[in-house]
Each structure stands twice: as C-alpha cells, then as structure tokens.
Amino acid sequence: MNGGFSEFFNRNDYFLITPAVLLALFGCGILLIDFLHDTRQKFMNALTALVGLSFVAYQLIRIQNQMDAVQMPELAGLNNSLLVDHFAIFFMLVCVAATFISVLISVRYMEIEHENHGEYYALMLFSLLGMYFMITGMDLVTLFIGLETMALSGYVLAGFLRGDKRSNEGAMKYFLLGAFSSGLLAFGFSLLYGISGSTNLQTIAQALGQRSSGDPLASLALLTTVTGLLFKVAAVPFHQWAPDAYEGAPTSITGFLSTGPKAAAFAFLMRILLVGLAPMRDSGWKPMLIAVAIVTMTVGNLAAVTQNNTKRLFAYSSISHVGYILLGLVAGNETGLKGIAVYILVYAFMNLGAFTVLVALRHGNVIGDEIEDLSGLFFRNPGAAVMMLIFLLSLAGIPPMAGFLGKYFIFLSLIETGHTGLAAFAVLYVAVSLYYYMRMTVMMFMREPVEREPLTLSPGIRIALGLTLAGTVIIGLYPEPIIQLATSAILR
Amino acid sequence: MDFFREHILSFTLFYPLVGVVLVLLPKKDEHVRWLANIWSFAGFLLSLPLVFWFDKNADGMQFQERVNWIPSIGATYHLGIDGISFLLIMLTTLLGFISILCSWSAITTRVKEYYAFFLLLQVGMLGVFMSLDFFLFYVFWEVMLVPMYFIIGIWGGPRKLYAAIKFFLYTLVGSVLMLLSILTLYYAYHTQFGQYTFDIIDLLRVNLPRHTQIWIFLGFFVGFAIKVPMFPFHTWLPDAHVEAPTAGSVILAGVLLKMGTYGFMRFALPLAPLGASDDRIVKLMVTLSLIGIVYGALVSLMQKDWKKLVAYSSVSHLGFCTLGIFAMNPNGLAGSLVQQINHGISTGALFLIVGIVYERRHTREISEYGGLSSIMPIYATLFMIVTMSSIGVPALNGFIGEFTILQGAFEANHLWAGIAVSGVVLGAAYMLWLYQRTMFGPLSNPKNQSLKDLNVRELAVLLPLIAWAFWIGLYPKPYFDILEKPVAKIVERVHPGYYAKAAAAEHATMEPQHPAQVASPPDASAEDHTAHAAAEAGAAK
C-alpha cells in the first residue's frame with residue numbers, strides 16, 4: 001500500500017465499497033456475457049445477477065462481522081462521506097433481498113414479453129449500487145449521486161417494455177417528476193451547503209443547531225429538502241408519478257420499485273432527517289410529516305378502493321403504507337424507528353409476494369394486471385391463491401402475518417409519544433385497506449374462473465413464492481430474531 | 001397422562017388445526033365429510049376431561065401453560081382458564097361439533113374448504129377463550145375473522161359478499177380500536193414497572209387515573225360492543241346471520257357473539273375498573289343494553305323472515321347479557337354468563353331448526369309455512385321445547401339466566417329491571433307468534449304436504465342441546481358454583497369492598513338468603529385483588 005492512492009484511500013475505504021464494486025462488476029459482466037448467449041440461454045443473465053447479489057449479501061455480512069470484531073458501532077470511510085453501521089447493513093440487506101426476488105420473478109415474465117435482454121438485470125444491479133450509496137452516504141454529494149444512479153436505472157426499467165404505450169408514458173412521467181424532485185432536492189442541498197459550508201451531514205446538523213428556529217434560509221432549505229425527499233418516497237401530495245409508473249412498468253419491476261428503491265429512499269430520508277436536519281425536528285419537519293402522513297394514508301387508502309387495475313391498486317396501497325411508515329418518524333422514538341425498520345423489511349416480503357402472484361398471471365395475451373384476471377385463481381391454482389391471500393392479509397395487517405408486526409410497532413410508538421389521536425386515525429384506515437385487499441380475495445375465491453386451464457408456475461416464481469411466503473409467515477409467527485436485528489440497526 | 005393433563009388446553013386448541021390439514025387430503029367429498037365429523041367429535045371428547053379436572057374451588061387460573069414467545073416485546077404463549085372461560089370452551093367444542101354435523105347434507109360444493117375453514121374457526125374461537133396474553137389473544141381474535149368471512153362469503157345466501165365483508169370490516173374496526181387500548185395498557189405497565197408485558201394477570205397491576213381508564217374502556221367497548229353486538233353496532237348481525245349457511249349462523253350466534261361479552265368480563269371490566277364503574281359509562285352501557293333488549297324484540301316481532309327473526313332475537317338476548325354485566329354485581333355477572341351459555345344453546349338450536357326446514361323447502365319466509373306440526377310432529381315438539389327455552393319458561397335454561405340477570409339488575413336499579421322485563425314479555429310474544437304461524441293452523445301450502453320429519457342425524461344434532469337446556473333449567477347449581485369465584489373477582493375489582501358491604505348489610509337486616517342467591521361472600525372477598533393477582537403472576541413465572 002505504498003502506491004500513489006494510499007494517501008487518499010486506506011484499506012478501510014476499499015473494504016467499505018466492496019459491495020458497490022461487486023455490483024458494478026457483475027452489472028458490467030452481465031452486459032458483456034449477454035452477447036455470448038443466444039435467446040434460449042438468456043436466463044444465464046439472471047443467474048449471474050443472482051450470484052452477484054449473493055456475493056454482495058455475503059460481503060455485507062462480512063462488513064457487519066468486522067464491525068462487531070473491532071467493536072465499532074460504525075465504520076466511516078472515504079473521508080467520512082461513507083458511513084456503514086448496522087442501520088445501513090440492515091436496509092441494504094432488505095434492498096438486496098428485494099432485488100434478488102425481483103430477479104427471480106423476472107425471467108419468465110421478460111421471456112413472454114420478448115424483452116429478456118441483459119441490460120435489464122444489469123440495470124437492476126446498477127440501481128442497487130445507487131441504493132448502496134443512498135443508504136451509506138453521509139455526505140450530500142455521495143447521497144445525491146447514489147440517488148440519481150438508483151433513479152436513472154429505475155426510469156429505464158420502468159420503460160423497458162418499449163412496444164407498450166403505457167410503459168412509455170409511465171416511464172416518462174416517472175422521469176419528469178423524478179428529475180423535477182431531484183432538482184428540488186439539489187436546491188435544498190445547495191442551501192444546506194450554503195448555511196454550513198460543508199456537505200457532511202453531521203457538520204450541517206451542527207450549523208443548523210446554531211441558527212435560530214425561525215431562520216428563513218434554514219426554513220427554505222428544510223422545505224425544499226423535505227419536499228424532494230417526500231417525492232422520492234411517493235408521499236401525498238407528491239405521489240402523482242407512482243400510479244402511472246407502477247401501472248406501465250413490467251409487473252416484476254413494479255414489485256421491485258415498490259420495495260427495493262422504496263427501502264433505500266426511506267433509509268436516505270431517515271439519514272437526512274435524523275442526522276442532518278435533526279436540530280429542526282420539533283418545529284420543522286415533524287409537523288410537516290404529520291400533515292403529509294395523514295393525507296397520504298387518506299388518499300392512498302381511499303384511491304385504492306376504486307382501482308380496477310391491480311398494479312394501480314398496489315401503487316395506491318404502497319402510498320398508504322408510506323403514510324404508516326412516516327408515522328414512525330413522527331413518533332421518532334426507539335420503538336418508532338424500530339417499527340420503520342421492521343415495517344420496511346416485512347413490506348418487502350409481503351408486497352413482493354403479492355407481485356410474484358401477479359407476475360405469474362402473465363401468459364399468452366393476458367397481462368394479468370386487471371383485477372378480473374385474478375378471478376377464480378383458487379380453481380386454477382389453489383396454492384397460489386392461498387399464498388396471495390396470506391400476502392394480502394399481511395398487507396392489511398391481520399395477525400399472525402408479519403405485516404401486523406410493523407403496524408404494531410408504529411401504533412405503539414404513537415401511543416408512547418402521546419399521539420393517541422393520530423394513532424386512532426391510522427388504525428381506522430386499516431379497515432379501509434382491508435376492503436380493497438378483500439376485493440381481490442373475492443375475485444380469487446368466490447368468482448368462477450374466466451379461463452379454465454390450470455395456472456402453472458415457473459421455477460423462478462416458485463422459489464420467489466417460497467421465499468416471500470417464508471418471510472411473511474415465519475416473521476409473523478416468530479418475529480424475535482427480526483425484532484432484535486431491527487433493534488440493533490436502530491440503536492447506535 | 002400427566003403430560004396430557006398439563007397441556008390439555010394446548011391439545012384442545014391445536015387439535016382442530018391438525019384437522020385443517022387432514023381434511024384437505026382425501027379425494028372424495030364423502031371421505032372428507034366422515035373425516036371432519038369424526039375429527040370434530042373427537043375434538044369434543046378431547047375437551048371433556050376438563051369437566052372432571054376443573055376445580056371449582058381453585059382460585060385463579062387453572063391448567064396454565066406459559067412459554068416465552070417474543071421476549072423482546074414481552075409476548076408469551078400463556079393459556080389458562082377460570083370458570084368463565086371453562087363454560088365457554090365447553091360450549092365451543094360442543095357447538096363446533098354440532099355445526100359440522102349439521103352441515104352434512106347442506107354443503108355440497110367445495111366441501112373440503114368448508115370443513116377446513118370450520119376447523120380453523122374452531123382454533124380461533126378456542127384461542128380467544130384460553131389466551132391470558134393480550135398479544136396471543138389479539139392474534140386469535142383476528143385469525144377467527146378470516147374463516148368466518150369465507151364461510152359466509154362462499155357458502156352463503158344471495159347477498160353473501162356484502163354480508164361477509166360487512167362482518168369483517170365491522171369487527172376489524174372494533175378490534176383495531178381495542179388494540180389501541182391494549183397498547184395503552186401495555187405502555188402504562190412499562191412506565192410503571194419498567195418492563196414490557198402483555199400478560200393479562202400482570203397488567204392488572206397497572207394503576208391509571210380514572211380519565212385514562214375511561215378512554216381505555218371505550219376502546220375495549222367499541223371492540224367488544226361490535227362483537228356482541230350492542231345497539232347501535234348491531235347492523236352487521238342480521239345480514240351476516242341471514243346470509244350465512246346454517247352452521248355458520250349457529251357458530252356465529254352460539255360462540256362468536258360471546259367473545260364480545262367474554263371480552264367485557266375478562267378484559268374491559270377488570271383492566272379498566274375505574275373506567276367501567278364510572279357513573280356515565282355505566283349509564284351509557286345500561287341504556288344501550290336496554291335499548292337493545294326492547295328494540296331487538298320489537299324488530300323481531302316485525303320480521304317476515306324466519307332466520308332474521310332469530311337474528312334480531314339475538315340482539316335482544318345479548319342485551320340481557322350486557323345488562324347483567326353492567327349491573328356489576330354477582331347476580332348480574334353470573335346470570336349474564338349463564339345466559340350466554342343459554343343463548344348459545346337455544347339460539348343455536350333455533351338456527352338449526354330454521355336450517356332443517358330451509359334445507360327441505362329453500363325458503364325462510366314465515367308465510368310459506370303453517371301447520372307443520374301435523375306432518376312433522378317430532379320437529380314441532382323439539383321446536384316447542386327450544387321456544388320455551390328461548391323465552392325463559394321455568395324448568396328450562398332461559399329462565400335461570402334471565403331471572404338471575406333481572407335479579408342483579410333489580411339490585412342495582414329497579415327501573416333497569418322494570419324495562420328489561422318488557423323484553424321478556426315481548427320475547428314470549430314474537431317466539432310464540434312465530435311458533436303459531438309456522439307450526440299450527442291448516443297445512444294449506446301444498447309444497448309443505450310432503451315434508452319429511454327429522455332423520456337420525458338431525459335428531460342427534462338437536463338432542464344434546466335440548467338435554468343441556470334441561471340440565472341448566474333443572475339443576476343450575478354447578479354452573480353458579482363454577483362461576484362464583486371468577487365473578488367475585490370481577491366484582492371486587494370494579495366495586496372494591498362489595499362483599500364486605502353486602503355482608504354487613506345482610507347482617508344488619510337479617511334477611512333470609514334467597515336460594516338462587518350467588519352472592520354468598522366468598523373467602524377471597526377481603527383479600528386485595530391486586531396483591532392477589534400479583535402473587536398469582538409470580539407463581540406462574
């Protein structure tokens with residue numbers, strides 16, 4: 001280590017960016033080997049992606065073990081622009097799991113769409129690479145670059161069905177509003193830099209702490225930054241892109257977008273709000289989040305009731321889940337943050353599980369995104385229907401499915417911090433959400449099937465269903481390990 | 001055997017769950033039917049040892065099992081029963097078997113799923129009555145909604161989807177608000193004792209101001225009142241009952257509604273005693289109960305649909321049960337629980353009786369029937385007995401329950417008893433009128449002339465219930481003995497020093513004790529209940 005770089009980088013820096021390096025290598029590798037495969041061997045791309053993801057997961061766990069070995073709660077690297085702690089590892093593992101499952105469900109789907117190109121999987125890995133920097137970044141520039149890497153890959157993936165008008169339209173909206181919100185966020189970041197003279201979140205927090213509470217510049221910075229962040233998590237009133245992007249994107253990508261990037265966006269949001277903007281909590285972003293959470297739950301749940309397209313329905317349902325997760329930040333205590341971590345993990349499993357079933361419906365000319373396409377699923381494939389029921393009940397928060405656990409922590413945190421009214425408001429929307437989830441159940445169990453032939457599941461779908469079902473049911477019945485994991489992620 | 005005895009609750013609880021898997025295996029519907037019936041009958045037999053092993057003199061919970069489940073949030077797998085849950089569990093296992101037996105010829109489509117859902121429902125119901133941990137309780141409470149939703153939604157009548165989702169949503173709204181009350185108690189325990197626990201016996205130690213307890217009570221109230229259902233939360237009930245298949249109605253009326261009243265007795269009263277005994281709350285509860293009694297009876301009088309009539313009569317009968325609970329004295333509470341059992345027996349039987357003719361004629365319009373007693377004499381006789389049981393004729397069970405409740409209400413407030421009595425009168429009116437319109441008169445409708453009388457299976461379904469009705473009616477003492485201790489605990493909890501005062505008053509006036517009086521001061525009366533519960537919790541650990 002006597003080379004020219006060693007004065008800038010130390011071993012720690014290399015160690016901490018290995019997951020990102022692995023993702024970049026495997027992504028580029030897929031782009032290269034894609035040329036070697038003929039059309040029937042394209043599944044090898046997916047396989048390569050899965051291998052890459054496994055390496056990344058392994059490497060993340062190694063970093064965690066290293067942290068435990070040197071008994072450091074966090075490892076900072078690259079001149080403090082990167083910070084890896086249990087929190088980052090936890091969220092990154094959720095993102096890796098979400099990507100893993102999304103790759104599994106994509107193979108058959110993209111074959112049917114005749115769009116099974118290597119870029120697809122490469123873009124997923126690049127998107128995950130962006131997520132890594134969103135989650136671990138401690139520096140505005142790193143965070144922003146991570147965000148854009150993630151988002152740019154996402155725009156292309158959402159518009160991957162080039163022949164489909166809806167896919168193009170959705171991707172376009174996603175791109176335009178995404179670019180707009182990135183602009184807002186960049187504006188906010190520049191103001192934060194102006195206030196503090198630094199791009200480091202901790203320095204920004206110190207600078208903001210010294211300002212008086214009504215400072216106009218700080219308020220403007222807060223407003224633009226938080227608005228940009230809320231765009232990224234698709235909270236109302238900054239959600240308009242989500243239903244169109246979700247509807248147009250390939251179903252497997254809809255599942256991916258609603259879990260992986262969402263988890264990363266929440267980690268990103270929590271890092272900025274809880275570290276950088278921490279001094280502005282009580283008079284600044286907390287009241288904003290209360291208002292946004294209330295309208296998000298209201299609009300998300302009520303709009304979902306009227307949807308007849310399952311992907312749009314899930315878009316609105318995912319918006320409503322964002323409302324619940326934001327409530328954990330409103331409470332902001334240990335239980336609330338633990339609740340967010342558990343919620344996001346569990347949500348990745350149950351939502352991807354539901355999307356796996358939707359993806360399985362795709363065959364021949366049936367896209368499988370209308371609620372009618374679910375009709376009589378029980379007669380065509382009882383196993384898939386029962387699993388879908390479990391995912392839906394979990395999404396609605398019915399115990400003993402895992403979805404209840406996330407809601408449990410969020411509601412408890414609200415009660416602990418004295419937000420009883422807000423808690424009462426939030427629980428009542430659980431009943432509304434049950435209504436639209438049950439509409440799908442009615443289709444699956446109580447309607448005659450439109451087409452008689454049984455529905456067959458591809459191996460990828462089977463594995464994905466197994467993983468998501470295990471996640472939803474086992475975490476629901478025995479959540480102790482997950483709760484401890486989430487606790488260690490939150491306690492620094 | 002010892003192992004079985006120590007874990008009898010777990011065995012009883014999870015035995016039906018094994019059945020859920022087993023009934024999915026056979027290929028032929030006929031085999032599924034036999035398997036489900038045998039399995040559920042064996043489930044009933046499995047719970048019978050409880051009758052012999054249950055110790056009515058023991059204080060506190062019996063057959064306790066406690067295993068850590070989610071230590072980091074303080075949730076445990078904690079089961080245990082006292083007299084109140086014991087009786088309801090026996091009702092559940094019996095009605096669970098009866099409802100499966102009565103579905104033999106009524107259910108011809110999707111037989112496997114039907115029995116699987118019924119067995120799953122059984123697990124949920126038993127779990128609710130056995131749980132001594134709020135987290136566990138809440139899981140069972142919600143789990144049970146799903147199979148019931150499907151039973152109504154798949155095998156129900158013409159408006160089944162509407163009725164099913166209405167049932168699900170109503171109950172869910174109540175239970176999520178109840179969850180907030182649970183979490184408030186849970187958090188209060190943590191602030192006071194520095195430890196998270198969902199154990200109900202531990203939570204009894206929480207000390208909260210009256211104001212907070214009123215809110216906690218109201219959360220419980222919404223959850224349980226919807227389930228009971230109390231007026232004005234009853235509107236899901238007629239829909240669910242009318243659309244549900246016969247067995248669904250039997251279970252719904254027989255067991256599911258009792259979860260609400262059970263919830264009041266087990267959770268709402270002991271855990272928020274200051275809230276529950278607050279003057280405004282008591283007045284509100286009693287008023288709603290009295291409205292339920294009279295309103296339910298009046299609406300029953302107006303019904304043209306046989307099943308809907310029975311459904312509304314449930315509202316009236318459950319009004320008695322809640323009136324007894326909120327009289328908050330030993331007679332009221334014990335009477336209420338006996339009446340809950342009675343309602344399970346007699347209304348369960350009434351739904352079976354409707355189901356029997358519905359299976360033959362496929363209509364429930366009262367005007368379609370008339371004069372059935374001439375061609376279905378056995379049926380008419382049994383229906384007569386059940387009617388008598390429902391309207392509270394002495395020597396049958398209904399009398400014992402209603403009389404004790406009225407006695408309790410009278411002790412609390414003369415006016416309450418006065419209004420409630422009108423419900424008894426109206427009850428006799430609508431039931432007897434129903435009987436007259438369907439069983440007596442000329443057999444004018446040609447479609448009815450070839451109706452067959454009961455077959456052996458239908459007799460087997462009804463006779464156990466009728467036997468039980470006579471048992472309670474003629475010799476209710478064991479029931480009141482079993483209930484004495486748990487009821488005394490609740491009363492001490494909401495009215496500390498009640499028994500001491502009652503004893504003093506009795507001593508002063510030297511009045512002879514009434515034979516049906518259950519308020520004999522038990523030895524536990526002077527004991528501070530809080531300390532007692534704490535000691536018990538310690539022992540359990």
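Per chain, numbering begins at 1; letters A, B, ... match sequence-line order. Note: hydrogens, waters and symmetry copies are ignored here, and every other heavy atom, side chains too, is used. Keep in mind the model is a prediction, meaning the values are calculated, not measured.
When B/L179, B/L172, B/T191, B/V173 are compared by the number of non-hydrogen pairs under 4.5 Å with chain A, B/L172 comes out ahead. Interface remark: of the candidates A/Y435, A/F445, A/Y478, A/F411, A/F445 forms the most heavy-atom pairs closer than 4.5 Å to chain B. Chosen from B/K160, B/E142, B/R110, the residue pairing most often with chain A at heavy-atom distances under 4.5 Å is B/R110. Chain B forms more heavy-atom pairs under 4.5 Å with one residue of A/A423, A/P399, A/A396 than with any other, namely A/P399. Counting heavy-atom pairs closer than 4.5 Å to chain B, the top residue among A/L434, A/I483, A/V442 is A/L434.
Of the atoms belonging to A/L414, not a single heavy atom falls under 4.5 Å from chain B. Using a 4.5 Å cut-off between heavy atoms, B/L161 contacts chain A through its side chain alone, with no backbone atom that close. Only the side chain of B/Y196 comes within less than 4.5 Å of a heavy atom in chain A; its backbone stays farther off. Contact annotation for A/F378: only side-chain heavy atoms (C-beta onward) come within less than 4.5 Å of a heavy atom of chain B. Proximity to chain B (any heavy atom under 4.5 Å) is shown, for A/Y429, by neither the backbone nor the side chain. Contact annotation for B/Y138: both backbone and side-chain heavy atoms come within less than 4.5 Å of a heavy atom of chain A. Both the backbone and the side chain of B/L180 come within contact range of chain A, judged by heavy atoms closer than 4.5 Å.
Under the 4.0 Å criterion applied to side-chain N and carboxylate O atoms, A/R380 and A/E451 are assigned as salt-bridge partners.
The aromatic rings of A/H321 and A/Y343 sit perpendicular to each other, their planes meeting at more than 60°, with 30° as the lower class boundary. Under the 30°/60° scheme for interplanar angles, the aromatic rings of B/F217 and B/F221 are found to lie parallel. Ring orientation note: the planes of B/F135 and A/F404 are tilted relative to one another, at an angle of 30° to 60°. Using cut-offs of 30° and 60° on the angle between ring planes, the pair B/F267 and B/F134 is tilted.
Side-chain contact, A/T441 with B/Y149: no donor N or O sits under 3.5 Å from an acceptor N or O. Using modelled atom types and a 3.5 Å distance limit, the side chains of B/Y170 and B/K166 yield no donor-acceptor pair.
More than 12 heavy atoms of other residues, nucleotides or ligands lie within 6.0 Å of CG in B/L24, so this atom counts as buried by the packing criterion.
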